[in-house]
Protein chains: 2
Amino acid sequence: MPIDLLLNNISKYIHLTEEERSVFKDYLQPKSFKRKQFLMHEGEVCKYSAFVTSGCLRGYTVDKNGIEHVLSFAPPDWWMGDMYSLISQKPGILNIEALEDTETITLSKTNQEKLYIAVPKFERFFRILTENSLVANQQRIIDNLSLTAEERYGLFCKRYPTLIDHLPHKQIASYIGVTPEFFSRMRNRRLH
Amino acid sequence: MPIDLLLNNISKYIHLTEEERSVFKDYLQPKSFKRKQFLMHEGEVCKYSAFVTSGCLRGYTVDKNGIEHVLSFAPPDWWMGDMYSLISQKPGILNIEALEDTETITLSKTNQEKLYIAVPKFERFFRILTENSLVANQQRIIDNLSLTAEERYGLFCKRYPTLIDHLPHKQIASYIGVTPEFFSRMRNRRLH
DNA sequence: CGAGAAAGATGATGTAGGTTAAGAAATGAG
DNA sequence: CTCATTTCTTAACCTACATCATCTTTCTCG
């Protein structure tokens with residue numbers, strides 16, 4: 001059951017009673033996306049966060065030259081959303097697209113707020129989730145400031161081994177912050 | 001009173017009773033730092049977060065070539081800490097230093113945990129704080145991926161006008177991700 | 001399974017920003 | 001106030017990575 005993946009994930013941080021679990025479930029809604037389908041486009045207000053149970057999502061921006069920049073991937077067991085738009089309820093900056101057929105469990109912004117009131121423990125859960133995400137983002141900033149592209153690629157391979165042979169190279173290149181051409185050259189160098 | 005700055009800050013996100021406010025105060029400890037004094041060095045476990053009421057702090061890492069990279073500044077009304085170390089209680093990666101004589105109100109990790117239990121509302125406060133911080137960090141990643149150094153400098157000026165004529169140029173250069181030499185050239189170009 | 005599209009590789013050339021070095025200006029401890 | 005230290009500027013040269021163009025390989029969806 002996909003929802004077990006989510007409940008299991010949550011149980012790492014907070015303990016839920018059977019009652020609370022059932023309240024929580026009522027607030028959720030499963031959503032499926034076909035490859036290349038979008039969860040949201042920039043300029044729209046983000047209305048829910050999505051927990052991936054199978055497949056993979058990517059969130060990216062498009063710069064003034066039309067070049068895409070990947071902010072994050074969401075393989076199974078990860079949450080995805082346009083954080084900025086979710087919390088401000090203003091038009092978002094991210095495009096979120098399914099890289100392959102993807103199953104998610106979504107929690108709408110309104111239900112999330114209801115959940116905080118019905119089961120305050122979830123304040124804690126999402127606080128911890130956000131803290132972890134913040135730390136990962138801070139580390140990425142430091143990496144971007146202090147490492148070469150090649151070193152960042154090495155780190156990516158180490159940190160996300162499952163993603164490496166799963167994603168198109170150009171997506172990884174974009175996440176790391178180089179062009180597909182340079183990425184190709186880097187990889188060739190690595191194989192001596 | 002410095003603590004009013006903090007209470008005022010908090011009241012933007014949650015409402016506290018007189019009772020709760022007083023519990024909160026009991027968990028706090030004021031700490032002063034002289035210019036160039038360190039709150040923590042990398043490799044130490046971070047034991048508290050600091051809310052700045054006057055002065056300014058900076059958090060930075062040192063790369064393998066000995067070059068410093070500024071992750072964040074904390075002027076008055078901002079929190080500072082090594083998030084990674086605070087939540088994991090493992091040796092931290094940041095050096096946190098006072099850029100000038102600085103007054104802070106600190107909340108130890110242990111008191112923060114007690115606070116969550118004594119006044120659960122603070123789960124919400126710190127969740128929101130962390131969410132905002134996450135959004136700012138995501139934006140910085142996007143900026144680093146998609147803008148030139150000159151554009152990032154422009155943004156910095158717009159977003160942190162008070163910091164601009166307050167901080168040594170080399171610190172801003174480091175935050176933006178360029179060398180002091182290039183920063184100097186950029187600034188000259190701007191003045192035509 | 002086959003055609004069209006997308007992804008990847010490779011070479012030639014361009015450029016944003018780094019490095020090194022040295023002098024000028026600002027700053028702060030005594 | 002002053003000298004030592006740190007910060008800032010300028011200039012010549014260098015390199016990691018981008019761009020552009022072309023070709024090959026791999027998908028994908030009818």
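Labels below follow one simple rule: chain letters A, B, ... track the order of the sequence lines, proteins then strands, and each chain is numbered from 1.
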Open item on the list: By nearest heavy atom, map Lys36(A) and Arg152(B) onto DNA chain C; which one lands nearer the 5' end?
Closed with: Lys36(A)

Measure from [atom1] on [X] to [atom2] on [N] and round the result to the nearest Å.
{"X": "Asn144(A)", "N": "dG17(C)", "atom1": "CG", "atom2": "C1'", "answer": "16 Å"}
{"X": "Asp165(B)", "N": "dA26(C)", "atom1": "CG", "atom2": "P", "answer": "16 Å"}
{"X": "Glu68(B)", "N": "dT7(D)", "atom1": "CD", "atom2": "C1'", "answer": "13 Å"}
{"X": "Gln171(A)", "N": "dT26(D)", "atom1": "CD", "atom2": "C1'", "answer": "16 Å"}
{"X": "Asp101(A)", "N": "dC29(D)", "atom1": "CG", "atom2": "P", "answer": "9 Å"}
{"X": "Phe183(A)", "N": "dA9(C)", "atom1": "CZ", "atom2": "C1'", "answer": "13 Å"}
{"X": "Met186(B)", "N": "dA16(C)", "atom1": "CE", "atom2": "P", "answer": "13 Å"}
{"X": "Leu145(A)", "N": "dG18(C)", "atom1": "CG", "atom2": "C1'", "answer": "15 Å"}

TODO: Output yes when at least one side-chain N/O atom of His169(B) is less than 4.0 Å from OP1 or OP2 of dA26(C), else no.
DONE: no

- [ ] Establish, with yes or no, whether the OP1 or OP2 oxygen of dG17(C) is under 4.0 angstrom from a side-chain nitrogen or oxygen of Arg185(B).
- [x] no

Exercise: do [X] and [Y] side chains pair donor with acceptor under 3.5 Å:
{"X": "Tyr175(B)", "Y": "Gln171(B)", "value": "no"}
{"X": "Glu103(B)", "Y": "Ser32(B)", "value": "yes"}
{"X": "Asp77(B)", "Y": "Asn9(B)", "value": "yes"}

TODO: Using salt bridge (charged side-chain N to carboxylate O under 4.0 Å, His left out) as the criterion, list what pairs up with Glu20(A), not counting sequence neighbours.
DONE: Lys121(A)

Open item on the list: Quick check: on DNA chain D, is the nucleotide nearest Phe182(B) upstream (toward 5') of the one nearest Glu150(A), or the reverse? Name the residue that is more 5'.
Closed with: Phe182(B)

TODO: Could you label the plane-to-plane angle of the Phe125(B) and Tyr13(B) rings as parallel, tilted or perpendicular, counting under 30° as parallel and over 60° as perpendicular?
DONE: tilted

Open item on the list: Taking the six-membered ring of Tyr60(B) as reference, does the cationic atom of Arg58(B) (NZ for Lys, CZ for Arg) lie under 6.0 Å from its centre and within 45° of its axis?
Closed with: yes

TODO: Mark yes or no: Arg185(B) above the aromatic ring of Phe182(B), with NZ or CZ under 6.0 Å from the six-membered ring centre and no more than 45 degrees from the axis.
DONE: no

Open item on the list: What residues from residues 173-181 of chain A pass a heavy-atom cutoff of under 4.0 Å to DNA chain D?
Closed with: Gly177(A), Val178(A), Thr179(A), Glu181(A)

Task: From dG8(C), dC8(D), dG17(C), nucleotide with atom closest to Lys170(A) side chain - done: dG8(C)

